[in-house]
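Since the structure comes first, as structure tokens, the remarks are kept for the end.
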Protein chains: 2
Amino acid sequence: MELSCKSEYAVLALLELAAHFSQGEPLQIRQIAAQQSIPDRYLEQLLATLRRGGLVRSQRGAKGGYYLAREPHNITVLEALECIEGGNIQQTCPEDEPKTSESAIVREIWQEARDCAHAILQNYTLQDLRDRHDQRQDVNPMYYI
Amino acid sequence: MELSCKSEYAVLALLELAAHFSQGEPLQIRQIAAQQSIPDRYLEQLLATLRRGGLVRSQRGAKGGYYLAREPHNITVLEALECIEGGNIQQTCPEDEPKTSESAIVREIWQEARDCAHAILQNYTLQDLRDRHDQRQDVNPMYYI
DNA sequence: TGCAAACCCCACTGGAGAACCGGGGTATAA
DNA sequence: TTATACCCCGGTTCTCCAGTGGGGTTTGCA
């Protein structure tokens, strides 16, 4: 799992869409980009990936934009990450399968660590993040401007 | 955490050194590379990094080689990984600090996932991996040839 | 019908890291 | 002294990230 800037942008965009989910009107790339300080041309690519992954839908033409394909509590952070960096198998390492018995064990440990991180990320939905955000704003409304 | 081929090579090399830890004689790069199917010139670089990180020591000259700096049960997998990919802060993302309140929350989730994976990796020592390996060999000695 | 808003697709750049290869230098045992 | 084996530095190819840019297509609206 990468947990890179790219992934962060994707989740932020989804959060922005989640915040306007009940409105029914689509959000434009420009608006999302401005709200979350994301380069709009880059965000465009990420949203296209999210669309192909079935997490968002788009409306073309004037007054178009993007909206969530599902309700915020039905989209997990893990889904977003797997969608955005799904094609990245990154097996530049020529060994597609372990050559030694030690290698197999090391990869078991790798998988165990990944599974643990995945469990955390699967446990959070967009709605969870929104709730956490709103809670924090209520407690200390002047902290973020 | 990368969990790449590079990291796997490093742990495999450490495991090989751990297997010969009690002998007292150093292991040569060639031997480790042959045993674990690692390109020897690449392994050389990794061992140099591990040496600079204090995980292994080297003996130069004829009959030289590498040996573990500590006992196998005192070296964790996490240590190996942090050593081998330590310089990799990977903040190509220009945002050194979160710009929005949502961004801060997303990074908290990121950190939580990373911490979870780190906990797993810290829990395993080289000795643990050796034990697991030996156990498996005992139970089904024909499984790996 | 025509315009402009907005998505859509493709290509390109610059930088970093992975996974190597190779050459030459240096320390050390025999 | 010589062969061994580590040491250091640099180059190569590849992929991905983080953007930027150009042109095409769909659509609402006047």
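Keep in mind that the numbers below use all heavy atoms, side chains included, and drop hydrogens, waters and symmetry copies. We name chains A, B, ... by the order of the sequence lines, and we start the count at 1 in each one.
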Gap between atoms CZ and P, on A:Arg30 and C:dA5 respectively (whole Å): 9 Å
Residues forming a side chain to side chain contact (heavy atoms under 4.5 Å, CB included) with B:Arg41, sequence neighbours excluded: B:Glu44
Rounded interatomic separation in angstrom, taking CD from A:Glu85 and P from D:dA18: 10 Å
Residues from residues 52-64 of chain B lying under 4.0 Å of DNA chain C - heavy atoms: B:Gln59, B:Arg60, B:Gly61, B:Ala62
Results of salt bridge (charged side-chain N to carboxylate O under 4.0 Å, His left out) for B:Asp115 - residues two or more places apart only: none
Only distances under 3.5 Å count here; give the side-chain donor-acceptor pairs of residues 121-129 of chain B to other protein atoms, sequence neighbours excluded, each with its distance to 0.1 Å.
unit_1   : atom_1 : unit_2   : atom_2 : d
B:Tyr124 : OH     : A:Glu112 : OE1    : 2.9
B:Tyr124 : OH     : A:Glu112 : OE2    : 3.1
B:Tyr124 : OH     : B:Arg132 : NH2    : 3.0
B:Thr125 : OG1    : B:Gln127 : N      : 3.3
B:Thr125 : OG1    : B:Asp128 : N      : 3.1
B:Thr125 : OG1    : B:Asp128 : OD2    : 3.2
B:Gln127 : NE2    : B:Asp131 : OD1    : 3.0
B:Asp128 : OD2    : B:Thr125 : N      : 2.9

Enumerate, atom names and distances included, each donor-acceptor pair closer than 3.5 Å involving a side-chain atom of residues 13-24 of chain B, sequence neighbours excluded.
unit_1  : atom_1 : unit_2  : atom_2 : d
B:Glu16 : OE1    : B:Gln36 : NE2    : 2.6
B:His20 : ND1    : B:Glu16 : O      : 3.0

Between C:dA19 (P) and B:Ile84 (CD1): distance, integer Å: 11 Å
Nucleotide D:dA18, atom C1' - distance to CD of A:Glu8 in whole Å: 13 Å
N or O in side chain of B:Tyr66 less than 4.0 angstrom from D:dC7 OP1/OP2: yes
Gap between atoms CD and C1', on A:Glu25 and C:dA6 respectively (whole Å): 15 Å
Options C:dC8, D:dC6, C:dC7, nucleotide nearest the side-chain atoms of A:Arg41: C:dC8
Non-hydrogen atoms of B:Ser103 and A:Leu12 that approach each other most closely: N-CD2, 3.6 Å
Rounded interatomic separation in angstrom, taking CD from B:Gln28 and C1' from D:dA5: 7 Å
A:Arg107/A:Glu102 ion pair, N-O < 4.0 Å: no
Sequence neighbours excluded, every pair satisfying ring-ring contact (aromatic ring centres under 6.0 Å, His included) that has a member inside residues 30-85 of chain B: B:Tyr9-B:Tyr42
Interatomic distance, B:Asp40 CG vs C:dA19 C1' [rounded to whole Å]: 13 Å
Strand-adjacent residues in residues 43-51 of chain B, judged by heavy atoms under 4.0 Å from DNA chain D: B:Glu44, B:Gln45, B:Arg51
Phosphate contact (C:dA18 OP1 or OP2) by B:Tyr9 side-chain N/O below 4.0 Å: no
D:dA18 phosphate, OP1 or OP2, under 4.0 Å from A:Lys6 side-chain N/O: no
Phosphate OP1/OP2 of C:dT13: any A:Tyr42 side-chain N/O under 4.0 Å: no
Side chain to side chain donor-acceptor pair (under 3.5 Å) partners of B:Arg114, counting only residues at least two apart: B:Gln111
Contacts of B:Gln28 that satisfy side chain to side chain donor-acceptor pair (under 3.5 Å) - sequence neighbours left out: B:Gln31
